[in-house]
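Encoded as C-alpha cells, the structure appears first; notes follow it.
Here is the naming used below: chain letters follow the sequence lines, and residue numbers restart at 1 for every chain.
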There are 2 protein chains.
Amino acid sequence: MEDQFIKTASLIGDPTRASILWTLMDGRAFTATELAVSVNTSPQNISMHLGKLLDADLLCVEKQGRHKYYRFSNKEVAYALEAMASLVPKPVVASKNKTYPPIKFCRTCYDHLAGKIGVALTDSLLEQKIIVNQNNTFEISSDGEKWFSDFGINLEEAQKQKRIFLKPCLDWSERRNHIAGSIGTLLFNKMLKEDWLRKTENSRAITVTGKGEKELLKYFKIVV
Amino acid sequence: MEDQFIKTASLIGDPTRASILWTLMDGRAFTATELAVSVNTSPQNISMHLGKLLDADLLCVEKQGRHKYYRFSNKEVAYALEAMASLVPKPVVASKNKTYPPIKFCRTCYDHLAGKIGVALTDSLLEQKIIVNQNNTFEISSDGEKWFSDFGINLEEAQKQKRIFLKPCLDWSERRNHIAGSIGTLLFNKMLKEDWLRKTENSRAITVTGKGEKELLKYFKIVV
DNA sequence: TTCATAGTTAAGTGCAGAATGAACTATTGC
DNA sequence: GCAATAGTTCATTCTGCACTTAACTATGAA
C-alpha cells in the first residue's frame, strides 16, 4: 500500500498535473487543448500528463467528435484535492469582520449544498447566529426564524417533512460542518429559484451567477 | 491560491516526503533518525525534507533532550492524506466474503471511532445487517439488537441518553459513513475496556492490541 | 481532395531539486 | 574533560522525468 500511496502522491504532486487537477476542480469537463492553454504548456505535454492521470483512474474521458473531454472520474478525487487545498498555509488573518475566502468548488452533495460553499454558508449562518450549535446539533435561533421567513423560506412547512430537519453533515474535516436536511435543501432550491446558482449539464457542478455573487456577499459575506 | 495549491501538492508528492507522511499517519510522533530509518535514507536528507514539511506547517516538532519528535501539526493533514490514500487504484476485487483492507490509521474523532477503523467497522455492521441504512439514517435491526446484547452493550440504557442515538457521521467522502452517537461511543468504550484498543499518551492516536487484532477480525473481518 | 484542427506517440535533451560528502553544533553519559 | 549520539548546514554531484522536436493518426469543414 505504501508505494501505491507514494505513486499517487507523486502523480498529483507534479506541478503541471496539479495545475490540471486544479482547473478541473470546478467540476466541468475540459478538452485537452483547453487544459493545455489553462496550464500553459504544449499539447504533447498535456497529452502525456493526461495519459498518466487516466492510467491512475483519477480522470476519465469522453470522446465527442474530434474533442476529448476530461474530468474527474469520481468525487473522491475532488474530495482529496479539496482536503489538500485546505492545507495551504493560512494567510495572516485579515480583519475581524471577515469575508470568507474565495470559493473555487461548488458542488451538490446529494441535494444539499456541499463543498466550500456549503461550509462557508454554514459558517456564516452560525456567525450571524441564525443557527446555533447545541451539543453538535444545529438549532434555529428565534432571530433565525425571522431571518428564514424574511428570506422566503417557510419553516413550518419544512418541519412537517419526514426527513431530519436540521443536522450537521460532516465534510472532510469535523471543523467544517455544513448543513444538511430539509433546511439545506430549501436554501439550495431557493438559491436556484432566485438564479443565484445554476445547475450545469453533464456535471454535478453548479455555477454561481453574477446575481448570486452579489447576494452571497450581501447575505453571507461569501466571496465567490 | 493556485500556485499555493501546486506548491503544497509537490511538497507532498515527493516520494521521500510522501513516505515520511505515510509513516506519521498512525498518529505517533517520530524522531528524525527513526524517520530516516523508516524511509531508508540519510540523516541529512531527512533533515532537509523535514525542514520543508515544517516550513509548510504540515508537521510540527517537539524537542526532548537531544531528540526531536516530529508529527502532523493538525488533523487536516491526516484527513488530506487519508483522502489521497483513498485514491489509490482499487485492487481487483478478491473474494465475496471479503476481509477489509489493513487499517493504517486509527484515531478518535471526538469520542466516536473515526478513521479507517470507524469506516471499516460501520461497513461490517452494515454488511452483517446489524445496522441498516434507512433514508440515510442508521437503524438497528432486530438481529442487531440481539447482537449488541451478546456483545455486552445495553441498548435500553443508551436509548435513555439525550444525545442522538445513532446517526451516520460523514467521513471525508459520503461513500464512507461511520457511526457516531452513543452507539459509536459505547462500541469504542467497550473495545477499550476489553483491551482491544488502547489510548496512547500525547497523541490522539489509538493502537490496536494483539487481542484486538484477533477480535476485530473475528467480529468484523477487519484486518489490522 | 485538401486544409485545418484535435490529439497522440517516440526519441532525445535539459534541469530542478533530491541525494551525497564533509564539516559543523548540541545534548547525554562516563 | 572526552566520546558517542542526534541533528543540521552547505557545497557539490547526479538523475528522474518533464519538456521539446518531429512525425504521426483522426475528425471535420470547404
Legend entry - Interatomic distance where CD belongs to B:Q44 and P belongs to D:dT13 [whole Å]: 16 Å
Inset, instruction - Could you check how far NZ of B:K68 sits from C1' of D:dT5, rounded to whole Å? - result: 15 Å
Legend entry - Separation of B:L50 CG from B:D55 CG (nearest 0.5 Å): 11.0 Å
Inset, instruction - Considering just the side-chain nitrogens and oxygens of A:T31, establish if one lies under 4.0 Å of OP1 or OP2 belonging to C:dA6. - result: no
Legend entry - Interatomic distance, A:I46 CD1 vs D:dA18 P [rounded to whole Å]: 12 Å
Inset, instruction - Indicate whether OP1 or OP2 belonging to D:dC19 is found under 4.0 Å from a side-chain N or O atom of A:N45. - result: yes
Inset, instruction - Map A:S47 and A:R66 onto DNA chain C by nearest heavy atom, then report which one ends up closer to the 5' terminus. - result: A:R66
Legend entry - Any donor-acceptor pair under 3.5 Å from A:Q128 side chain to A:Y219 backbone: yes
Inset, instruction - In whole angstrom, give the distance that lies between atom CG of A:L50 and atom P of D:dA18. - result: 13 Å
Inset, instruction - Round to the nearest Å and state the distance from A:K63 atom NZ to C:dT8 atom P. - result: 9 Å
Inset, instruction - State whether the side chain of B:S47 and the backbone N or O of B:P43 hold a donor-acceptor pair below 3.5 Å, judged by distance alone. - result: no
Inset, instruction - Nearest-nucleotide wise, let me know which of B:Y70 and A:P15 is further upstream toward the 5' end of DNA chain D. - result: B:Y70
Only distances under 3.5 Å count here; give the side-chain donor-acceptor pairs of residues 11-21 of chain A to other protein atoms, sequence neighbours excluded, each with its distance to 0.1 Å.
{"residue": "A:D14", "atom": "OD2", "partner": "A:T16", "partner atom": "N", "Å": "3.0"}
{"residue": "A:D14", "atom": "OD2", "partner": "A:R17", "partner atom": "N", "Å": "3.0"}
{"residue": "A:R17", "atom": "NE", "partner": "A:L11", "partner atom": "O", "Å": "2.6"}
{"residue": "A:R17", "atom": "NH1", "partner": "A:H49", "partner atom": "ND1", "Å": "3.0"}
{"residue": "A:S19", "atom": "OG", "partner": "B:E2", "partner atom": "OE2", "Å": "2.6"}

Inset, instruction - Give a yes/no on whether any side-chain N or O of A:S42 is located under 4.0 angstrom from OP1 or OP2 of D:dT20. - result: yes
Inset, instruction - Report yes if at least one side-chain N or O of B:H49 is closer than 4.0 Å to OP1 or OP2 of C:dA19; otherwise report no. - result: yes
Inset, instruction - For A:L11 and D:dA18, give me the distance from atom CG to atom P, rounded to whole Å. - result: 9 Å
Legend entry - Short side-chain to backbone donor-acceptor contact, A:T31 and A:H67, under 3.5 Å: no
Inset, instruction - Find the distance B:H67:NE2 to C:dT28:C1' and express it as a whole number of Å. - result: 9 Å
Inset, instruction - Mind calculating the distance between NZ (B:K52) and C1' (C:dA16) to the nearest angstrom? - result: 10 Å
